[in-house]
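The structure appears right after this line, and notes come after that.
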Protein chains: 2
Amino acid sequence: MTMSDVARHAGVSRTTVSFVLNDKPGAAIPEETRRRILAAIDELGYRPNAGARALAANRSGWFGLITEIVTGPFAGEVITGAQSRAWGDRRFLLIAASEGDPAQEAAALDQMLEHRVEGLLYATTWHRAVTLPKAAREVPTVLVNCYDAEGELPCILPDEVSGGYKATRRLLDAGHTRIGFINLDPAIPAAIGRREGYERALREAGITPDPSLVVPGWATADSAYDAACELLDRPAADRPTALFCANDRMAMGAYDAIKERGLRIPHDVAVVGFDNQELIAAYLRPKLTTLALPFEAMGTKGVDMLAALAAGQPLDTRRVTIDCPLLERSSV
Amino acid sequence: MTMSDVARHAGVSRTTVSFVLNDKPGAAIPEETRRRILAAIDELGYRPNAGARALAANRSGWFGLITEIVTGPFAGEVITGAQSRAWGDRRFLLIAASEGDPAQEAAALDQMLEHRVEGLLYATTWHRAVTLPKAAREVPTVLVNCYDAEGELPCILPDEVSGGYKATRRLLDAGHTRIGFINLDPAIPAAIGRREGYERALREAGITPDPSLVVPGWATADSAYDAACELLDRPAADRPTALFCANDRMAMGAYDAIKERGLRIPHDVAVVGFDNQELIAAYLRPKLTTLALPFEAMGTKGVDMLAALAAGQPLDTRRVTIDCPLLERSSV
DNA sequence: ACACGGAAGTAACGCGCGTTATTAAAGCGC
DNA sequence: GCGCTTTAATAACGCGCGTTACTTCCGTGT
């Protein structure tokens with residue numbers, strides 16, 4: 001089934017069919033002819049060949065998306081966001097997982113370039129600096145949830161500071177004044193940003209941040225359990241009445257520590273998480289109030305920027321931050 | 001950068017370059033010529049144009065993969081499995097999410113057909129029957145984690161029965177004889193299969209299954225919490241010493257019920273889950289022993305079958321079941 | 001000397017389509 | 001009747017490549 005078949009069946013030339021299919025401006029096609037052609041397409045069940053079209057028009061319609069891991073809960077959201085925005089534009093995503101292996105990453109990039117992607121989205125699981133293989137320079141590239149050390153590439157990042165601020169603010173609004181913060185590895189951007197937001201919220205409320213209420217938790221439930229124990233076992237007058245956990249897994253550990261002590265959530269101790277890992281946050285008991293990382297929005301925005309870049313338009317901002325919405329559940 | 005450029009630069013014809021690139025059997029290319037051509041490719045940084053190649057060879061190299069939701073923890077695994085198998089074959093996956101919306105599904109399918117996919121993988125989030133849009137008949141199709149009511153299409157399913165069997169068997173081996181089973185909606189294939197395995201294991205151990213030990217849990221942590229309470233509050237002599245939960249979220253609820261009663265896991269009550277939702281199973285305290293749904297393997301197998309189908313080979317089996325491995329952690 | 005076979009290489013066609021001339025017919029004013 | 005514009009439609013080229021059929025050159029056997 002090719003365009004020629006349609007043309008023959010409709011009694012016109014292939015060119016005319018092409019004009020109709022592409023709504024070519026300036027081509028005067030009488031309604032009657034157009035109708036005949038569309039009817040032929042319908043009868044024959046003709047489908048344009050996307051590959052041939054791309055070759056002739058010199059526009060592949062592909063964007064590449066490289067992620068570290070597709071298995072995790074986040075990559076899926078980026079894909080969802082990017083897809084929904086891309087398909088609407090009749091653009092398509094060539095997705096690859098590097099599994100953190102530079103060789104696979106390079107191979108994926110090669111394949112993408114052979115497919116003549118018009119742009120590249122590079123997404124990481126957690127917010128950090130990356131360095132791309134230099135083949136990535138051959139095509140417009142946007143970083144998602146990461147940034148390049150040289151600061152040359154446009155990137156899209158979650159607004160960690162406002163996230164930390166909102167979490168803390170929520171607890172302050174609920175009347176808490178001694179708020180423990182179980183943080184991540186203090187060296188990573190998420191930990192730095194969230195802490196900054198945490199402290200800003202406290203200061204705004206007239207409270208001087210107490211460094212002893214901030215303990216690192218190394219991202220696991222176990223370590224957060226230990227950290228929570230440390231905070232909860234302080235003398236009663238000094239014990240925090242709320243815990244802000246820098247991710248949901250750690251909130252899970254904190255829950256255990258709280259429950260073990262016969263304390264109730266949120267009655268005795270309120271908890272706010274971060275990341276909104278659905279499987280955890282929505283099924284913990286009580287359900288966890290947490291901040292969502294805006295992966296889907298980041299994916300969408302990424303395609304937006306890529307589309308602009310691919311069209312040769314300049315970017316208004318090279319470093320975009322996206323807000324982390326607070327999801328109210330039952331732990332505050 | 002086209003093949004003609006390479007040819008000119010190497011002082012040969014484009015045909016010769018093509019022969020070298022494709023290792024054309026029967027083409028006698030002296031080592032010296034081949035070397036010159038490869039050198040030219042390298043110097044010019046030439047990359048073959050996958051689209052043009054597909055057009056000329058009449059082989060798109062694409063497989064389509066339609067899932068309901070990419071966000072969930074499972075779709076990612078299917079993608080990973082399928083990708084790893086496909087890329088090795090220089091085949092590529094055009095991925096689309098239907099979001100459960102028939103319109104989106106149809107649109108995705110259309111796009112895939114326009115891209116001339118050589119095969120279609122259709123994967124669902126949970127094991128059940130589906131009916132495909134009929135456009136899917138235009139191309140070899142394999143169902144993953146689902147089956148069509150008419151039984152016409154080849155499908156790949158998790159072995160629910162052996163999963164239920166292995167879970168129960170593990171508890172029996174640990175010395176338990178009264179094993180409660182918190183099941184899913186009794187009408188779905190997973191519930192039916194897992195229960196069958198559960199009962200078979202009991203009978204094999206000389207134990208007559210007690211229907212009152214089997215309670216439905218409706219897939220949520222809350223409902224499983226209630227179900228677990230019901231089982232644990234039975235008279236001591238009659239109380240189960242182990243719980244088999246038909247998914248990990250429900251195990252999460254069961255944990256709460258157990259801990260609330262001052263019972264210890266696995267000391268007083270052992271627990272086995274199902275699904276291996278990493279975020280839950282690996283972070284519950286103690287970590288949850290559970291059965292993994294073999295999504296990655298299913299994805300891989302799917303591409304295998306599709307490749308065979310696309311090559312015109314007949315399938316050895318039209319209904320493949322794949323084993324669910326038991327992951328030992330600390331809850332038994 | 002000639003026929004012959006293989007080695008080395010190429011011209012030319014076609015894949016399905018977008019696009020740019022170019023043509024043919026029709027309408028219009030005088 | 002003749003020029004001129006507008007409308008409707010098409011022939012023909014090229015996108016980058018795989019592939020077939022063909023040519024040229026050289027060594028070998030008789």
Side-chain angles (χ1 to χ4, degrees), chain A residues 1-38 40-41 44-62 90 92 110-118, chain B residues 1-38 40-41 44-62 90 92 110-118:
Chain A
M1 262 318 108
T2 78
M3 233 166 76
S4 303
D5 296 321
V6 174
R8 199 172 315 121
H9 196 266
V12 296
S13 78
R14 199 181 54 70
T15 306
T16 308
V17 178
S18 173
F19 285 173
V20 168
L21 249 60
N22 298 336
D23 274 328
K24 194 107 219 283
I29 315 269
E31 203 45 49
E32 154 66 11
T33 307
R34 174 187 308 274
R35 206 196 43 69
R36 266 208 336 272
I37 292 177
L38 293 179
I41 289 177
L44 299 181
Y46 164 78
R47 293 178 201 281
N49 181 322
R53 174 180 289 205
L55 181 58
N58 193 24
R59 284 186 67 253
S60 73
W62 289 105
R90 310 202 97 229
F92 303 91
D110 267 352
Q111 292 301 338
M112 293 188 168
L113 291 174
E114 293 198 3
H115 280 280
R116 299 297 187 262
V117 294
E118 300 171 36
Chain B
M1 264 317 108
T2 78
M3 232 167 78
S4 302
D5 296 322
V6 174
R8 200 172 315 121
H9 196 267
V12 296
S13 78
R14 199 180 54 69
T15 306
T16 308
V17 178
S18 174
F19 285 173
V20 168
L21 250 61
N22 298 336
D23 275 326
K24 193 104 219 282
I29 314 269
E31 203 43 50
E32 155 65 11
T33 308
R34 175 187 307 274
R35 205 195 44 69
R36 261 199 351 262
I37 294 177
L38 293 178
I41 289 177
L44 298 180
Y46 164 77
R47 293 178 201 280
N49 181 322
R53 172 180 290 202
L55 181 59
N58 194 25
R59 283 185 66 254
S60 73
W62 290 103
R90 308 202 98 230
F92 304 91
D110 267 351
Q111 292 301 338
M112 293 188 168
L113 292 174
E114 294 198 4
H115 280 280
R116 298 296 186 264
V117 294
E118 299 172 37

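Remember, predicted model here, so these are calculated numbers, not experimental data. So that the names make sense, note that chain A is the first sequence line, chain B the second, and so on, each numbered from 1.
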Pick base, sugar-phosphate or nothing for [X], based on heavy-atom distances below 4.0 Å to the nucleic acid.
X	result
A:Ser18	base
B:Ser4	nothing
B:Asn58	nothing

The reported gap from CZ in B:Arg35 to CD1 in B:Ile29 (rounded to nearest 0.5 angstrom) is 14.0 Å
Starting at [atom1] of [X] and ending at [atom2] of [N], how long is that distance when rounded to a whole Å?
X	N	atom1	atom2	value
A:Glu114	D:dG16	CD	C1'	13 Å
A:Arg14	D:dC13	CZ	C1'	11 Å
A:Met1	C:dC17	CE	P	11 Å
A:Ile37	D:dA8	CD1	P	13 Å
B:Leu55	C:dC13	CG	C1'	13 Å
A:Arg8	D:dA9	CZ	P	18 Å
B:Asn49	C:dC15	CG	P	18 Å
B:Met3	D:dG14	CE	P	18 Å

It should be established whether [X] places a side-chain nitrogen or oxygen under 4.0 Å from OP1 or OP2 of nucleotide [N].
X	N	value
B:Thr2	D:dG16	no
A:Ser13	D:dA9	no
A:Asn22	C:dG18	yes

Looking only at D:dG18, D:dT20, D:dG14, the nucleotide nearest the A:Ala56 side chain is D:dG14
Regarding the side chain of B:Pro30, the nearest nucleotide among C:dA8, C:dG14, D:dT20 is C:dA8
Item checked: Whichever of B:Phe19 and B:Ala52 has its nearest DNA chain D nucleotide further upstream toward 5' ->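 Here B:Ala52 is the residue nearer the 5' end.
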>> On the side chain of A:Thr33, is there an atom forming a donor-acceptor pair with the base of D:dA9 - under 3.5 Å, no angle test?
In response: no
* Asked: Is there a donor N/O on one and an acceptor N/O on the other, under 3.5 Å, for the side chain of A:Arg59 and the base of C:dG18?
  -> no
Assert: residue with more 5' nearest nucleotide on DNA chain C, out of B:Thr15 and B:Ile29, is B:Ile29
When B:Arg116 and B:Arg36 are each assigned the nearest nucleotide of DNA chain C, the 5'-most assignment goes to B:Arg36
Show your working on side chain to side chain contact (heavy atoms under 4.5 Å, CB included) between A:Val17 and A:Arg8 and close with a plain yes or no.
CA-CA 10 Å; A:Val17 178; A:Arg8 199 172 315 121; over 6 Å; no
Flag the pair B:Leu21 / B:Arg53 as yes when at least one side-chain heavy-atom distance between them is below 4.5 Å, and no otherwise.
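Yes, their side chains come closer than 4.5 Å.
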Does any non-hydrogen side-chain atom of B:Ile41 lie less than 4.5 Å from one of B:Met1? no
query: Does the side-chain hydrogen bond (donor to acceptor under 3.5 Å, both in side chains) test come out yes or no for B:Thr15 and B:Ser18, once each step is laid out?
result: CA-CA 5 Å; B:Thr15 306; B:Ser18 174; over 6 Å; no
